[in-house]
Each structure stands twice: as structure tokens, then as C-alpha cells.
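Because the structure is predicted, anything quoted here is derived from the model rather than measured. Every chain is numbered from 1, with letters handed out A, B, ... down the list of sequences.
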There are 2 protein chains.
Amino acid sequence: MNKTARKSRTGARRSVTIKDVARYAGVSPMTVSRVVNGGQYVSDTTRQTVMQAVRQLGYSPNLAARNLASARGERMGLLYGNPSASYLSEFLVGALDAATRHGVQLVLEKCEMTPTASRRAVRRLVAGGVVGVVLPPPLCESAVIRTELQTARMRIVAVAAGRPPADTMCVSIDDFAAAREMTRYLLALGHTRLGFIKGHPNQTASEERWRGFTAAVEEHGNLPAPRVEQGFFTFRSGLDAARKLLASEPRPTAIFASNDDMAAAVMAEAHRHGLEVPNDLTVVGFDDSLIAANIWPGLTTIHQPIAQMAGEAVDMLVAAVRGGRRGAAAEPVHRLVAHELITRESAARPKSAAA
Amino acid sequence: MNKTARKSRTGARRSVTIKDVARYAGVSPMTVSRVVNGGQYVSDTTRQTVMQAVRQLGYSPNLAARNLASARGERMGLLYGNPSASYLSEFLVGALDAATRHGVQLVLEKCEMTPTASRRAVRRLVAGGVVGVVLPPPLCESAVIRTELQTARMRIVAVAAGRPPADTMCVSIDDFAAAREMTRYLLALGHTRLGFIKGHPNQTASEERWRGFTAAVEEHGNLPAPRVEQGFFTFRSGLDAARKLLASEPRPTAIFASNDDMAAAVMAEAHRHGLEVPNDLTVVGFDDSLIAANIWPGLTTIHQPIAQMAGEAVDMLVAAVRGGRRGAAAEPVHRLVAHELITRESAARPKSAAA
DNA sequence: CCCTCGTTTGGTATCGCTACCATCCCCCGA
DNA sequence: TCGGGGGATGGTAGCGATACCAAACGAGGG
């Protein structure tokens with residue numbers, strides 16, 4: 001009957017606005033805005049009052065209005081290539097969750113690792129109004145893509161790069177420490193003849209894992225030289241590497257593959273050789289991807305909190321973009337998150353030790 | 001030279017607005033708005049002119065402004081439960097892509113299938129300003145969640161429900177036809193002793209697949225009764241079912257599992273029994289999830305275009321919401337998309353036939 | 001004691017778009 | 001010929017928030 005009510009298009013409850021809060025707190029909308037956005041130049045008492053009002057009224061800023069007013073077209077890009085695919089699912093969940101929390105839109109773009117493809121992808125992102133990009137592996141290693149993005153004046157956060165360039169924001173686990181921990185675990189089980197399958201040579205994480213492995217081997221000392229094969233993070237490459245490792249004499253009693261897909265391949269190959277895991281052969285992986293729990297025996301592996309990492313990457317991006325607009329030219333941050341060794345059924349004491 | 005240019009806070013290129021288009025096309029902003037939003041009451045010639053201008057200038061509407069003005073928080077929800085996990089990745093990619101295309105925001109919400117959990121999830125979605133929800137399996141089967149969502153006056157699109165309720169929008173493949181096709185394929189290979197692992201009993205897709213299987217068996221006629229076990233779409237349940245099937249006498253020569261995870265379990269179990277796939281046992285799955293290509297031998301399975309389905313679901317949602325506001329109460333649509341039988345290495349002629 | 005400086009606050013002008021209403025125009029029947 | 005009806009268009013007023021500037025205030029140096 002009154003027009004305010006009629007104004008409400010949807011008939012739904014009109015949400016509480018900054019003005020309501022301002023009136024309630026007895027200050028101006030501007031002050032409320034400053035408080036909510038953590039601006040400086042607000043006295044403590046005022047801040048208290050306003051925050052109180054915010055809580056009482058259950059105020060939450062209207063993102064559309066905020067974006068419009070601040071003219072910050074806050075869209076973040078997520079440039080994904082061909083990650084060890086189960087990665088993507090978790091990654092997206094984490095990233096999207098964080099994006100929603102910050103009220104920014106996430107724009108997906110697929111991209112091969114060739115110069116032309118990446119150029120085109122970046123152009124599409126720019127056209128889409130994207131101001132920052134999250135780079136999951138393996139794209140985060142591509143210098144081409146990074147250069148391309150930097151030329152377009154995008155902020156970027158690399159995720160899970162083993163050794164990120166100093167000028168790039170990055171969130172990752174400590175691949176070195178994780179691989180060392182896993183190797184120590186194998187050694188503690190009593191294994192002495194170890195096999196290792198390296199990851200793709202142009203990802204720095206591969207090298208970190210390899211370094212972690214050798215570090216543990218060396219600190220233990222007094223071991224026969226481990227067998228090492230080159231892999232490429234794919235199931236297929238794991239198959240080839242496993243074949244070679246299992247053919248060697250004496251055969252390793254434990255194989256550490258640089259990721260789960262390759263570890264799964266080792267297990268498949270072991271079966272074909274009539275070897276039982278873990279009794280005849282211990283197999284461990286890295287990543288704790290979906291496949292790790294969905295094969296039998298379950299894979300002992302290193303868990304990366306992928307969703308969390310993706311989320312933090314988005315957080316950093318948002319902070320950088322907003323901070324950047326505010327002039328606070330924060331230097332690139334490298335953020336380490338904790339990994340975890342997950343023990344399932346694929347690792348056991350070697351027979352010789354058990355006997 | 002003019003102050004409009006100076007106004008731009010970031011110093012970056014100001015994006016092209018509705019006014020620019022209007023000026024360029026020689027009409028008013030309102031008319032442009034109507035054209036862009038597919039409104040009626042625009043002459044064809046005007047529409048052409050405007051669309052031309054839009055294309056020329058590369059105009060894309062500012063979401064923030066649109067949302068603000070129309071007070072329609074065009075956010076779509078994606079309520080996911082515990083799908084056969086690799087599903088999620090592709091699903092998200094497809095959904096997010098479509099969301100970006102339509103310029104709507106996608107809000108993720110995880111939800112268990114209990115009443116309290118779903119109630120809470122729905123409340124969170126409402127609070128987040130979501131107006132429509134995509135329901136991937138297995139949530140699309142939950143009456144509780146559907147009711148809850150309908151109470152909140154949300155539009156919903158169910159994805160991959162086997163037999164969707166008539167009053168719900170839905171996009172899926174023809175599970176019945178797909179399962180029948182796969183079964184025919186097994187029969188054509190010469191298998192006669194078949195085993196089947198059913199999917200989770202409270203998902204209608206399970207029953208459709210089962211019906212497709214029996215239909216093919218019956219139309220072939222003249223077969224020993226297939227062995228059937230109940231599964232629950234999990235790897236673990238597949239393991240149990242496989243154990244029983246492989247223990248039966250005479251042992252089936254081909255096992256059709258209602259999804260890939262269970263098929264992978266069958267393969268694992270077969271290995272433990274010393275059976276080689278596909279020489280001693282043919283195993284086929286359903287879904288073409290990531291695991292299908294990442295085990296050895298690769299799994300022959302039914303491919304669902306998951307990303308496409310998710311995308312279409314979002315399309316339908318957007319259409320419904322926009323159309324709905326316009327009063328066009330379109331009736332629920334059921335959309336079928338094409339599946340495909342993917343042959344890999346896990347299926348072969350039975351030994352008896354080969355001999 | 002005045003003046004400047006820096007903190008704290010409030011006003012005003014948008015941001016880009018759409019809802020709503022007022023026009024204008026053309027075609028029709030009386 | 002004129003009035004009426006409905007299609008097609010334009011004008012105006014916000015949506016809710018922030019950027020920018022101006023003003024009010026207390027404190028300290030000359």
C-alpha cells in the first residue's frame with residue numbers, strides 16, 4: 001500500500017543498507033563505509049559504535065553497489081592447463097569459495113602451453129575484464145604465460161610452484177620437506193633398495209621433490225644407490241618408468257613416485273609382474289589426488305591441501321588488487337601451507353626386514 | 001581532453017558503457033538496454049542497429065550496475081554433495097563457464113544429504129542472494145533438498161537424474177539407452193555369462209541403467225541368468241560386489257559395473273584373484289570419469305558430457321530466472337544430451353569364444 | 001595568541017544500469 | 001475526419017556504495 005513496499009521488486013525483504021546502519025549508529029554513511037572497509041581515520045569509539053550497529057542489524061555490504069562505486073571490476077581469472085586432472089576439482093572448489101567470499105567473479109580460461117595459445121588466452125582474460133590471475137600447476141611454471149600476463153599488467157599468484165620466481169606471489173607446500181619426510185618414512189620402515197620416479201623436468205616442484213628424496217637418502221647414509229627413472233607426471237609415463245624399475249636387479253623394495261598418477265601406474269605394473277602391493281613392493285605417491293583412495297590398496301601419499309591453497313591464492317590476489325589500488329605496493333609474498341603424510345595400505349615393511 | 005576520461009580512477013581503459021553504445025547507435029540507453037536484455041517493444045531495424053553497435057564496440061554489460069539497478073542478485077547456486085568425485089571437476093568447469101557467459105555469479109555450497117544439513121545449506125544459499133540452484137547427482141534425487149529449495153522459491157535444475165520428477169527442470173543422458181547399448185556391445189563380443197553391479201538404490205539413474213541392462217539381455221534372449229550384485233557407486237562397495245561375483249560358479253566372463261569407480265574396484269579385485277583383464281575377464285563401467293583412463297587397462301565405459309550438461313543446466317536456470325521475472329512461466333524442460341560408448345582396453349572377446 | 005597541521009567526520013557526485021512513466025507515432029474503426 | 005489503442009522510444013530517478021573534497025576540531029610551534 002505504501003510505495004516503499006511497492007518499490008521492492010521481488011516482494012522479498014529489503015536488505016539492510018549502509019544508511020540503515022549509519023542512522024542506527026548515529027553517524028554518516030561515509031563513516032560506516034570507512035569502518036567496514038577498515039579505513040584509517042576513525043576514532044576507536046566511533047568504530048565500536050558502528051561495529052555494534054553492523055552486528056545488531058546483520059548488515060552485509062551490497063557487493064554490486066560496492067563494485068560499481070569503486071569501479072573495480074573485480075574479476076579474477078583462473079588459467080588452467082592440463083593439471084593432473086583430479087587436481088582441478090578441488091582447486092576449483094577452493095578458488096570459487098574464496099571468490100564468493102570476497103564477492104569477486106571467477107573467470108575460467110583453458111590454455112595450452114604454447115605461446116600462441118597463451119597469448120590468446122590472456123587476451124580473452126583481458127577482454128573479460130580480469131585484473132588478476134591464479135595459476136595452478138603446471139601453468140605457473142611457464143615463463144611465456146607469466147610474461148604475457150605481466151605485459152597485460154595482471155597480478156598473478158602461482159600455486160604449487162616448487163621454486164617460484166622471487167617477483168611472483170605464490171602459495172605452495174614445501175615440496176622438499178614433504179618428499180624428505182616421505183623418504184624418511186620409507187627408510188624407517190626398513191627399506192634400503194629404493195626406487196624413485198621423477199616428475200616432469202620442466203616443473204620446479206619435480207626437482208624439489210627429487211632434492212627432498214636425495215636429502216633423506218644422504219642423511220641416512222650407508223644405502224645402495226637408489227634406482228631413478230624419469231617420469232612426466234602422467235599415468236603412461238609412470239608405466240614406462242615402473243617397467244624399468246621393476247626389471248632392474250636387485251629390484252627395489254619401495255618405489256616413490258613423484259605423483260599419485262604415476263604411483264598408480266607402478267601399482268598396475270607391479271600387478272602385471274605378479275607382485276603384490278605392499279607385501280612384495282611398497283609404493284608411495286605424492287599429491288593425495290582422488291585416485292589415491294580409489295585404488296586398491298589405497299595409496300600412501302603426501303596430502304596437499306589443494307582447496308585451501310587455491311583459496312589462499314585468491315585471497316592474496318584480492319588483497320593485492322585492493323591494496324594496489326590503495327597504493328600499498330606490497331612486495332610479493334610466498335606463502336607456505338602445511339602438507340601431511342597420509343598412510344594407507346600401499347606401504348609396509350620390506351619382506352627381508354619382516355622375515 | 002574531456003573530463004570523462006580523467007574521471008577514470010584506475011587510469012586504465014574505461015570500458016564501454018551502455019551510453020557509448022546508445023550514442024553510437026543513435027538511440028537512447030533505454031533502447032539499448034531493451035535490446036540487450038531481449039525485451040519486447042523494439043522494432044527489428046532498431047534491434048539490428050543496436051546489436052551491430054554492441055558488436056562493433058565490444059560492449060559487455062557491467063554486472064555490478066545491472067544487479068544493483070535491477071535488484072536481482074543474479075547468483076546461481078551449485079549445491080554439491082558427494083558426487084563420484086571426479087565428476088565435480090568437469091561439472092564445475094562447465095557450470096562456471098556458462099555462468100561467466102551469462103554474467104552470473106556461481107555460489108558453491110556443500111551439503112550432506114541429511115535434512116538438517118540441507119536446510120542449513122539452503123539457508124546459506126538464500127542468504128547469499130541465490131535465486132536458482134543446479135543440483136548435480138546425487139543431490140538431485142533428494143526429495144528433502146528439492147522441497148527445501150522449492151519452499152525457498154528457488155528455481156532448480158537437476159542434472160543426470162535417471163527419472164526426474166515431471167515438475168523439475170532437468171538435463172541428463174538417456175541412462176536406459178546407454179546401458180542397453182553397452183550391454184549389447186558385451187553380447188556382441190560374444191559374452192554370455194554376464195555380471196552386473198547395480199548403482200546406489202536411491203538414485204533413479206541406477207535403476208535406469210539396470211533396466212537398460214536387462215532390456216538388452218532380454219532382447220538377446222537365450223542367456224543364462226546374469227549374476228547381479230548391489231553396489232553403492234563407491235569403490236569400496238564395488239570391491240565387495242566384485243568379490244561375490246568372482247566367487248560365483250560359473251564365473252561371469254564380463255562384468256558391467258554401474259559406474260567407473262566400481263569398475264575400477266572390479267579390476268583391482270580381479271587382479272587379486274589372478275585374473276587378467278581383459279583376457280580372463282571383461283570389465284566395463286559407466287561415466288567415463290577421470291579414473292577410467294588412468295588405470296591399466298583403460299576402462300571401456302559410457303561417456304557423459306558432464307561439462308556440457310552442467311553448462312546447459314546453468315543456461316536453463318538463467319533462462320528460467322530471466323524469463324520468470326518477465327512473467328513467461330515456461331513449463332519445466334527435460335533435456336537429453338547424447339552419450340557415447342568409449343572403447344578402451346578392458347573389454348575383449350571371451351576366451352571360450354576366442355578359442 | 002594566532003596559525004598551521006593532522007585527525008576525524010560529513011556532504012555530494014557519481015558508478016552503469018534498469019524500473020517506471022510519459023510520450024510520440026502509426027494504424028484502425030466509427 | 002477524429003479518437004482510441006497499442007507498439008516503440010525517451011526521460012528521470014534511483015539502486016547502495018565509495019571517491020573526493022570540505023569542514024570542524026584539538027594540539028603544538030612561533
Side-chain angles (χ1 to χ4, degrees), chain A residues 3-4 6-12 14-23 25-50 54 57 59-74 103 129 322 325-327, chain B residues 2-12 14-23 25-50 54 57 59-74 103 129 322 325-327:
Chain A
K3 59 181 169 187
T4 354
R6 186 129 16 94
K7 271 288 178 61
S8 173
R9 273 83 151 173
T10 59
R14 206 177 55 89
S15 59
V16 20
T17 78
I18 201 173
K19 275 186 197 161
D20 300 327
V21 178
R23 197 166 26 236
V27 298
S28 81
M30 260 325 297
T31 305
V32 176
S33 172
R34 270 188 284 256
V35 170
V36 170
N37 293 289
Q40 40 192 348
Y41 296 139
V42 185
S43 72
D44 264 355
T45 58
T46 312
R47 187 184 304 275
Q48 299 295 341
T49 320
V50 171
V54 166
L57 271 49
Y59 167 73
S60 109
N62 179 320
L63 292 175
R66 172 182 284 184
N67 285 346
L68 181 55
S70 55
R72 51 164 109 127
E74 276 184 350
R322 299 204 173 145
R325 281 186 322 113
R326 227 174 277 290
Chain B
N2 59 49
K3 58 178 166 188
T4 359
R6 186 129 16 93
K7 273 290 174 61
S8 172
R9 270 90 150 169
T10 60
R14 204 177 56 91
S15 60
V16 17
T17 77
I18 202 173
K19 276 187 195 157
D20 301 326
V21 178
R23 198 164 27 237
V27 297
S28 82
M30 263 323 297
T31 304
V32 176
S33 172
R34 270 188 284 259
V35 170
V36 170
N37 292 289
Q40 37 193 351
Y41 297 138
V42 185
S43 72
D44 264 355
T45 57
T46 310
R47 188 185 303 274
Q48 299 295 340
T49 319
V50 172
V54 166
L57 271 49
Y59 167 73
S60 110
N62 179 318
L63 290 177
R66 170 181 286 185
N67 286 346
L68 182 55
S70 59
R72 63 160 103 124
E74 266 189 355
R322 299 208 172 142
R325 280 188 321 114
R326 227 173 278 292

Starting at [atom1] of [X] and ending at [atom2] of [N], how long is that distance when rounded to a whole Å?
{"X": "A:N67", "N": "D:dC15", "atom1": "CG", "atom2": "P", "answer": "18 Å"}
{"X": "A:I18", "N": "C:dT9", "atom1": "CD1", "atom2": "C1'", "answer": "14 Å"}
{"X": "A:Y41", "N": "C:dG6", "atom1": "OH", "atom2": "C1'", "answer": "7 Å"}
{"X": "A:L68", "N": "D:dG14", "atom1": "CG", "atom2": "C1'", "answer": "12 Å"}
{"X": "A:Q48", "N": "C:dT8", "atom1": "CD", "atom2": "P", "answer": "14 Å"}
{"X": "A:R34", "N": "C:dT9", "atom1": "CZ", "atom2": "P", "answer": "8 Å"}

Candidates [options] - which lies nearest the side chain of [X]:
{"X": "B:N62", "options": "C:dG16, D:dA8, D:dA17", "value": "C:dG16"}
{"X": "A:M30", "options": "D:dC20, D:dA17, D:dT9", "value": "D:dC20"}
{"X": "B:S28", "options": "D:dG10, C:dC17, C:dG10", "value": "D:dG10"}
{"X": "B:A69", "options": "D:dA19, D:dC15, D:dG7", "value": "D:dC15"}

For [N], does either OP1 or OP2 sit under 4.0 Å from a side-chain N or O belonging to [X]?
{"X": "B:T31", "N": "D:dA8", "answer": "no"}
{"X": "B:Y59", "N": "C:dC17", "answer": "yes"}
{"X": "B:R66", "N": "C:dG16", "answer": "no"}
{"X": "A:N37", "N": "D:dT18", "answer": "yes"}
{"X": "B:T46", "N": "D:dT9", "answer": "yes"}

> B:T17 and B:Y59: which non-hydrogen atoms are nearest, and at how many Å?
Replying inline: C-CE1, 3.6 Å

> More 5' along DNA chain D: A:K19 or B:G26, using each one's nearest nucleotide?
Replying inline: B:G26

>> Is it the case that the side chain of A:D20 and the backbone of A:V16 share a donor-acceptor pair, with hydrogens and angles ignored and the cut-off at 3.5 Å?
In response: no

>> Applying a 4.0 Å non-hydrogen cut-off, can you work out what A:P29 is touching in the nucleic acid: base, sugar-phosphate, or nothing?
In response: nothing

>> When you compare the side chain of A:Q48 with that of A:T45, does any pair of heavy atoms fall below 4.5 Å?
In response: no

>> Could you check whether any side-chain heavy atom of A:I18 comes within less than 4.5 Å of a side-chain heavy atom of A:S33, counting everything from C-beta outward?
In response: yes

>> Side chains of A:T46 and A:T49: any donor to acceptor distance under 3.5 Å?
In response: no

